[in-house]
Amino acid sequence: MLKKVLLGAVALIALAGHVQAEDLKEFRVGIIGGENEADRLRNYQCLGDHLKAELGFEKVSFFPAADYDGVIQGLLGGTLDYAELGASGFAKIYLANSDAVEPILTTVQTDGSTGYHSIMIARKDSGITNLEDLKGKKLGFADPDSTSGYLVPLVTLPETLGAPVKEYFAETGFGGGHENLVLEVLKGTFDAGTTFGSGVGEWKDGYTSGNLHKMVEKGILDMNDIVELWKSPLIPNGPIVVRTSLADETKAKFKQFMLDLPKKDAACFAAVMGGDFTSFTEVNVDFYKPIIDARKATIGG
């Protein structure tokens with residue numbers, strides 16, 4: 001049932017604003033963990049330059065967290081104004097405080113879809129070629145708050161395996177983010193691991209976007225060294241969220257700025273979002289309700 005719900009997550013509905021006056025001089029950006037901090041800051045620098053030049057902020061501050069929860073807690077505490085989240089991370093915030101943030105945009109893949117996939121990989125030289133080969137072995141997840149790296153495999157794998165994840169595998173653990181999880185698989189810490197990719201484009205490129213693509217672009221992963229064991233149903237692309245208490249005018253200007261970014265600076269858009277996308281499209285809470293429900297039913301808030 002949850003698998004069908006995940007596959008049906010395609011509704012897009014317009015948002016209504018929350019009116020409030022403010023004079024915001026500093027714009028605070030949360031950057032979720034899972035990738036080398038220096039790389040994340042470098043990728044976001046162009047966004048900070050644009051925000052100051054085009055929206056008039058005196059200062060744009062970046063807060064790269066060690067894991068997903070660091071940004072989640074910052075958003076819940078009102079100390080961040082904007083972040084890009086995975087759907088499960090947003091679900092965690094929504095279940096804790098539905099008024100903390102608003103999802104406003106998500107990315108559109110090069111094939112026109114607004115989703116991506118959880119992808120399970122193993123070392124090619126391990127001899128593991130399918131899920132059956134993994135029975136009784138060690139599986140690594142990316143992060144407890146990752147949609148593709150934990151929630152979706154937890155929900156959808158049992159139907160394929162014929163058993164709960166924790167019964168099928170001898171051991172499970174977390175790799176400390178997507179990039180590190182893949183590196184741990186390559187080291188042999190895990191027999192296989194779950195990360196993410198668009199599922200569109202060439203395998204040698206790590207697909208068109210996602211963690212594998214970013215690792216290939218940085219030269220730290222050769223796709224010939226790994227094999228794909230499993231690909232999930234389509235998952236809703238994660239949201240761009242803003243602090244709900246931001247003034248309507250600020251939210252509207254920021255939203256339009258982001259909608260214009262792919263055409264104004266395609267290289268910056270690709271750097272911040274981590275791959276090849278065509279544009280942003282508008283979303284609201286309804287787009288993520290299936291993930292919210294799946295998280296509530298399996299791992300809670």
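Looking at residues two or more places apart in sequence or on another chain, you find a ring pair (Phe, Tyr, Trp, His ring centres under 6.0 Å) between Tyr82 and Phe254. For the salt bridge (charged side-chain N to carboxylate O under 4.0 Å, His left out) test, no residue two or more places apart in sequence or in another chain qualifies with Glu37. Looking at residues two or more places apart in sequence or on another chain, you find a side-chain contact (heavy atoms from CB on, under 4.5 Å) between Phe62 and Val29, Ile31, Leu41, Tyr44, Gln45, Val60. The side-chain contact (heavy atoms from CB on, under 4.5 Å) test applied to Asp125 returns Arg123, not counting sequence neighbours. Remark: Glu58 engages Lys25 in a side-chain contact (heavy atoms from CB on, under 4.5 Å) (not counting sequence neighbours). Residues passing the ring pair (Phe, Tyr, Trp, His ring centres under 6.0 Å) test with Tyr68, sequence neighbours excluded: none. Listed by chain and number, the residues in a side-chain contact (heavy atoms from CB on, under 4.5 Å) with Ile226 are Ile121, Leu186, Trp203, Leu212, Leu221, Met223 (sequence neighbours excluded). Take Tyr168 and apply the ring pair (Phe, Tyr, Trp, His ring centres under 6.0 Å) test, not counting sequence neighbours, and it matches no residue. Every salt bridge (charged side-chain N to carboxylate O under 4.0 Å, His left out) that Lys187 has, sequence neighbours left out, goes to Glu184.
Ion pairing of Lys296 with Asp293 is absent here, as no side-chain N (NZ or NE/NH1/NH2) approaches a carboxylate O to less than 4.0 Å. Of the charged side-chain nitrogens involved, at least one lies within less than 4.0 Å of a carboxylate oxygen, so that Glu282 and Lys255 count as a salt-bridged pair.
Among residue pairs with one or both ends in residues 118-217, none qualify as disulfide bond (SG atoms under 2.5 Å apart); sequence neighbours excluded. Within the structure, every pair that satisfies the disulfide bond (SG atoms under 2.5 Å apart) test and touches residues 195-273, not counting sequence neighbours, is listed here: Cys46-Cys268.
Here the side chain of Asp205 pairs no donor or acceptor atom with the backbone of Tyr207 at under 3.5 angstrom.
Between Phe196 and His178, the ring center distance clears the sub-6.0 Å criterion.
Partner Gln109 forms a side-chain contact (heavy atoms from CB on, under 4.5 Å) with one of Asn237, Leu234, Thr278 and no other, that one being Asn237.
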List the atom pairs, with distances to 0.1 Å, where a side-chain N or O of residues 269-277 and a protein N or O form a donor-acceptor pair under 3.5 Å, not counting sequence neighbours.
none

